[in-house]
Asks: 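Mind looking over this structure? Questions follow.
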Number of protein chains: 2
Amino acid sequence: MSQVQSQRMASMCDSARSHVDDLLVLLSKSKMLNILYVMNCDPTPLRFSEIKKRVNSSSTTVARRLGELEVHGLVTRTAYATVPATVEYTLTQDAVALQPSLESMFEWVLNRADSSV
Amino acid sequence: MSQVQSQRMASMCDSARSHVDDLLVLLSKSKMLNILYVMNCDPTPLRFSEIKKRVNSSSTTVARRLGELEVHGLVTRTAYATVPATVEYTLTQDAVALQPSLESMFEWVLNRADSSV
DNA sequence: TTCTTTTGTAACAATGTTGTAACCTGTTCC
DNA sequence: GGAACAGGTTACAACATTGTTACAAAAGAA
């Protein structure tokens, strides 16, 4: 955002507000909810290629999203020195705490999708 | 299963899948979760300018988001012939069904924001 | 030696999204 | 007549994001 905001929102701490916004921006990135969804549905560690296949996106985007999730402490990346390389992703404790909300959100989404077909 | 049957099921799955994706794309648009958040926090009908102020975005974006929400049946727009014009937005029943998930998601977001400050 | 595989990264053109500025409607007040 | 207000819309330049293509590393198979 190019504009400098000097507004005073009376009741809320600005720095907390920006952290909340950061997280909402993170969750709003393309394929982010999809990735969390497939990782939520399948509690086993998932490989890069498997995630990519399930969310139906390019390597670039999947790599970017997983990187962002790792930076924010929502997924753990584990690389094994196999040939060819094997990398597994799992949700962290923090992300698991988000699971119930996501699950009921996805349920709502599925219900809507059903009734609008 | 016959070929015709499996084709029909495949296409049903596809269309359901695309509806799910539509909704995820909708929810992933910028400021969308913010708008749902402020409308969730304040159960009274909210005016355009009030929403705009609370999510801190441009008229263009807020109008676009509210329009999309209306098209998807998540908000109701009510215009009153006052001078100057008054327009109120409220969540629909459908959106209210999403509230619990959103609320616990926002709680999670706030908790994370707190601990990362 | 060259091919294959997985898991990425780099560069870049195409595409999508955003805010800004200007404008519009309709009515009341001066 | 002109200003002021809420609630937008439109055009467009600036900015952000995406997919594609090319590439790499490491080692076993052919």
Side-chain angles (χ1 to χ4, degrees), chain A residues 1-7 9 18 21-36 38-39 42 44-72 74-90, chain B residues 18 21-36 38-39 42 44-72 74-90:
Chain A
M1 193 179 296
S2 61
Q3 197 182 13
V4 177
Q5 298 295 340
S6 55
Q7 291 174 349
M9 286 291 145
S18 84
D21 281 351
D22 281 355
L23 281 167
L24 291 184
V25 166
L26 182 79
L27 294 177
S28 294
K29 280 169 185 281
S30 85
K31 302 296 178 177
M32 196 57 102
L33 294 176
N34 297 257
I35 290 176
L36 290 173
V38 305
M39 294 188 77
D42 193 337
T44 65
L46 288 176
R47 300 182 59 178
F48 180 84
S49 53
E50 189 57 32
I51 295 173
K52 170 170 152 44
K53 198 173 69 188
R54 295 195 195 179
V55 304
N56 187 37
S57 198
S58 68
S59 303
T60 319
T61 294
V62 175
R64 280 195 274 242
R65 288 302 100 85
L66 288 172
E68 288 156 359
L69 285 171
E70 204 195 351
V71 164
H72 280 77
L74 295 181
V75 306
T76 309
R77 180 184 179 278
T78 315
Y80 298 99
T82 55
V83 172
T86 304
V87 179
E88 285 182 349
Y89 292 90
T90 47
Chain B
S18 84
D21 281 352
D22 281 356
L23 281 167
L24 291 184
V25 166
L26 183 79
L27 294 178
S28 294
K29 281 170 185 280
S30 84
K31 303 292 178 180
M32 196 56 101
L33 294 176
N34 297 256
I35 290 176
L36 290 173
V38 305
M39 294 188 76
D42 193 337
T44 64
L46 287 176
R47 302 180 59 176
F48 181 84
S49 52
E50 189 57 31
I51 294 173
K52 170 169 151 45
K53 199 173 69 185
R54 294 196 196 179
V55 303
N56 187 37
S57 197
S58 68
S59 303
T60 320
T61 294
V62 174
R64 281 195 275 242
R65 289 302 101 86
L66 287 172
E68 289 156 359
L69 286 171
E70 203 195 354
V71 164
H72 280 77
L74 295 182
V75 306
T76 309
R77 179 183 180 281
T78 314
Y80 298 99
T82 54
V83 172
T86 305
V87 180
E88 284 182 349
Y89 292 91
T90 46

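In what follows, every heavy atom counts, from backbone to side chain, and hydrogens, waters and symmetry copies are set aside. Just so it is clear: chains get the letters A, B, ... in the order the sequence lines come, proteins before strands, and each one is counted from 1.
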Asks: Got T78(A) and P45(A) here, is their nearest side-chain heavy-atom distance under 4.5 Å?
Replies: no
Asks: Would you work out how much the helix from dT1(C)-dA30(D) to dC30(C)-dG1(D) bends between its ends, with each end axis defined by five base pairs, to 10 degrees?
Replies: 30°
Asks: Please find the pair of heavy atoms, one from E68(B) and one from L26(B), that lie closest to each other, and give the distance.
Replies: CB-CD1, 3.8 Å
Asks: Measure from CG on L46(B) to P on dA6(D) and round the result to the nearest Å.
Replies: 16 Å
Asks: Is there a donor-acceptor contact under 3.5 Å linking the side chains of S30(A) and R65(A)?
Replies: yes
Asks: Tell me: CZ of R77(A) to C1' of dT9(C), nearest whole Å?
Replies: 12 Å
Asks: Please confirm whether the shortest side-chain N or O distance from Y89(B) to OP1 or OP2 of dA6(D) is below 4.0 Å.
Replies: no
Asks: Would you kindly give the CE-to-C1' distance between M32(B) and dT17(C), to the nearest whole Å?
Replies: 13 Å
Asks: Give me the atom names and distance for the closest heavy-atom approach of I35(A) to L69(A).
Replies: CG2-CD1, 3.9 Å
Asks: When you check the gap from the basic side-chain N to the acidic O, do E50(A) and R54(A) get nearer than 4.0 Å?
Replies: yes
Asks: Can you see if the side chain of R47(B) gets near the phosphate of dG7(D) - specifically, an N or O under 4.0 Å from OP1 or OP2?
Replies: yes
Asks: Tell me, for nucleotides 18-30 of chain D in 5' to 3' order, what letter each nucleotide earns: B for a base near a protein heavy atom under 4.0 Å, S for only sugar-phosphate near one, - for neither?
Replies: BBB------B---
Asks: Where do S59(A) and K52(A) come nearest, in terms of heavy atoms and distance?
Replies: OG-CE, 3.6 Å
